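From a predicted model like this one, the values you see are computed outputs, not experimental measurements.
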Amino acid sequence: MDIILDNLPGLLIAIPLLGAFLTPLVSRAGDAARNIWVLLTVALTSLCGLLIASRVLETGTIVYTFGVQHLSEIIPPDSGGIPIRIIFTIDPLSAFMLIIASIVSFCIILYSLSSMEKLSGKDGFFTLLLLLIAGVYGMIATGDLFNFFVFLEISSLAGAALVAYRIDKGVAAEAGLKYAALSTLGGLLFLVAIGFLYVQYNSLNMAVIASRMNLTGLDIIAFVLFFTALAMKCGAVPMHFWTPDSYAMAPSAVTAFLVVSSQASLYALFRVCFTLYGGQINPLTVGWVMIILGVLSMFIGVTMAIPQKDVKRLMAYHAVSQTGYMLLGVGVGLAALSSTCMFNSVGMTALKGGLFHIMNHALYKGLLFLTAGVIMYRCGTRNLNQLGGLGHNMKWTMVFFMIGALAIAGIPPFNGFASKLLIYESTFLFNPLLAVIAMVVSILTLASFVKVFHSMFMGPKLPEYEDVKEAPAPMLIAMAILAILVILFGIFPQTVIDTLVAPAATALIDYHGYAAAVLGAQS
Amino acid sequence: MSMSKIIRTTADVMFMFIMVFGFYIVLHGHLTPGGGFQGGAVIATAFILLIVAHHMDDFLGWFKKDSFQTCEMSGLVLFIGTALAAISLGYLFFMNFLSGKGGLFGQFVPFGINQGFMSTAGTIPIMNIAVGIEVLGGLTIIILYMTSGIQSPEEGK
Amino acid sequence: MIEAFTLSTGFGSWNAVFWVISFAIALIIGWLIWSRGEKTYETSAEATASFLSGNAEPEKEAVHIRAGNLYWGYTDALSGYYRFIKPLHTGNLSDYFLAYLFVTALMLIVVVILK
Amino acid sequence: MIDNLPFLVVAITILLGLYTLLFRKDLIKMIMGISLIEAGVNLFLIALGYRWESIAPIFTGAPSLAMVMPTVQALTLTSIVIGVATLALLLSMVMIIYRHYHTTDVREVTKLQG
């Protein structure tokens, strides 16, 4: 049994890849066999993710080197004291992201089993979805820069192919093209930055580079390339144009997971700013750049969302504005690092708020996209002007939509409120204007979701939706899991913060600990 | 859109030589420059040569599309299988459990310049073969889908 | 035990359970007031029909306010802002690349100068 | 000057690629721009590993032991494989767009806007 427990990080990537490659073979034995196979694969992977997270939260950072004899040999004798193999470094922050990825990946696979029932091309869809899940897990767990680039490309390609999966009159192909083209350009500039770092520090491992880093001009250029490539991948405003296009055209289950894949690039952005360039860059300037990106994302995201007519495009703009909250929270945390006294009072709370918001956003945004998917699955249209009066016979979907909408707007008992409260209070002390903008954006978020709620669920029963039925059972179960978590995290935020968010925030700060975990006594 | 008789016959003749050369690159991946992807790409050009030379329907008569799909899938499964085999043997993921054990591909390699021993480097030749098969199937399928895309422009009108 | 779920944000604390309890109490009080209301009011169809100064109620489609005209006032008031911001999202792929490279260049200048 | 000549070539290739990417209006040409940038990045990675007067890192029958850095070539190989995959995906999407929009001009392919 402990063989499996020791090799969990390796299995975390191997199981979804094996599942993805065998899906076409299993699907020859019929739809039911493939559904069970895909569900089994994703359930095992989520179990691996959760097990790793719990082990990391107990025993600290796990370091797993590919291709060595025993777990303890992080740097085997024949590699001359330098970690040359691919090393997965899972510290409490990656464990925090692993939990998000495992919960949401299980729910969207459960959802897409029934939403893909009547459609064609199912085994291609599930192979790509499992590849996307493996890519996101790899991005979160890896400690090697080039390995991160490979997983970034895998998830971009699988994501772009999934966005363009339902070619309805070519528009989805246009969205997929935009997503793929931008991700490729971002990946190439990311590779140039890896080249800069590799030539100076002779290693691709983040911990080794972090411990050997002394900031030169080349490193600053590499930092800027890293920063903008990853900020573009997670949808910060001036570069956010692909997000509404590709989220609106993708199948809803895929959109819910694209949100998690852009949050994995956000995690990588924090990893670059806090761990790779730990004490090197000036935290004030980079913190303020992150804050400006965050405020821009918040404001433009929500103001562009209100006049939208397509429900998924509206929710995509909200994903952009919520990413702005996370950037604001962690940006304030980073900027406050410049002076320790300010950091102890403001920075830590802002950092916790920003990280907690990543978890909350992944849950309620996944829930909202799944409800939009149910509407699309039953009524066949996403245009709000044609919908109305669905609340009469889609009771459960209405309840789930209400929970998601109240959570995203930050209404007290739900989880959105807890993380936004942390962000408000800390940014107010840091700079009052930021907190005011954040609150105004929260109000506008509530306004736009009231509009969506009214136009979709309220009003009389329209004749064309007279006999619309409730969503099938797997969809409801998937949404129920997310809704219960949204409520639970809202009622007991302190326990979630103490167990998950606080260790993640402290792990993000001490880059020495990260380097020591990989390099052992040597660093 | 099949070419003239001359081209078709030379293509048929060349097909075998390119295949052999491709597999040579795949198998000697750990000794000479090459390996899974490049060898597989060379073999895929052999199939593409046939697609270009002959009519699409004859080509699909000889090789069915899902035979390439099974090629691709078996290559991928072989690759992940050898990686997972390391875990089942008690080592960590992707461990080279064959090198230095004397068995298949297990001989020791003297450091420095040598004339290249075939059965060395443990699991790397197996991985090369797996990637070679996978790329062979994958690239041919890409070309098949793209050519079938051109074939039916009228359906798009 | 209380501290288990009071979120202390360093400056104040927030307890969701108390909020839910007080919300439930408010609901109960509301229900109490509602239940003491007049039971014997007439609920026949024509009594509860909406009075539109005599003319007939339009059929279901026309009654439902569509999403397009919700927040008409808000979007009209901010029409100057929306005239500026909407065309920015042109949908043209080369503009997306321009935006991305523009931000890279801008950030390069900012980080190099401000160090 | 001679030893950072390859990096000059890399800079020129990447600038040419960016030029085609940003100023060309046809989608196929933009994808050519992306592959140009990719070629530039691959050349950049290879040029990083160059050692003066050394040979390719192949031990089989190698004339001398002074060899170029092999890890960078492994990175370039992976980047080429990823490049093949991205190009195949982008080109098949442009084919689908052409089939439905009957144009590949980037100014017309803007149904998703606003």
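- When the shell of 6.0 Å around CZ of D:Phe7 is examined, it contains more than 12 heavy atoms from other residues, nucleotides or ligands.
- Note: C:Asp95 CG to D:Gln113 CD = 10.5 Å, rounded to the nearest 0.5 Å.
- The CG atom of C:Asn92 sits 10.0 Å away from the CD atom of D:Glu108 when rounded to the nearest 0.5 Å.
- More than 12 heavy atoms of other residues, nucleotides or ligands sit less than 6.0 Å from atom OH of D:Tyr50.
- For a residue to count as touching a neighbouring chain, one of its non-hydrogen atoms must lie under 4.5 Å from one of that chain's; by this rule C:Tyr96 touches chain D with the side chain only.
- Minimum interatomic distance between C:Ser94 and D:Lys25 (heavy atoms only, all atoms of both residues): OG-NZ, 4.0 Å.
- In this structure, the portion of C:Leu101 lying under 4.5 Å from any heavy atom of chain D is its side chain and not its backbone.
- Atom CG of D:Leu22 and atom CZ of C:Phe97 lie 8.0 Å apart (nearest 0.5 Å).
- Listed by chain and residue number, nothing satisfies the side-chain hydrogen bond (donor to acceptor under 3.5 Å, both in side chains) test with D:Thr76 (two or more places apart in sequence, or in another chain).
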Inset, instruction - I would like to know whether C:Leu93 and D:Leu27 meet side-chain contact (heavy atoms from CB on, under 4.5 Å); could you show each step before the answer? - result: CA-CA 9 Å; C:Leu93 190 54; D:Leu27 272 178; 4.2 Å; yes

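- For D:Val109, the part sitting under 4.5 Å from any heavy atom of chain C is the backbone (N, CA, C, O) and nothing else.
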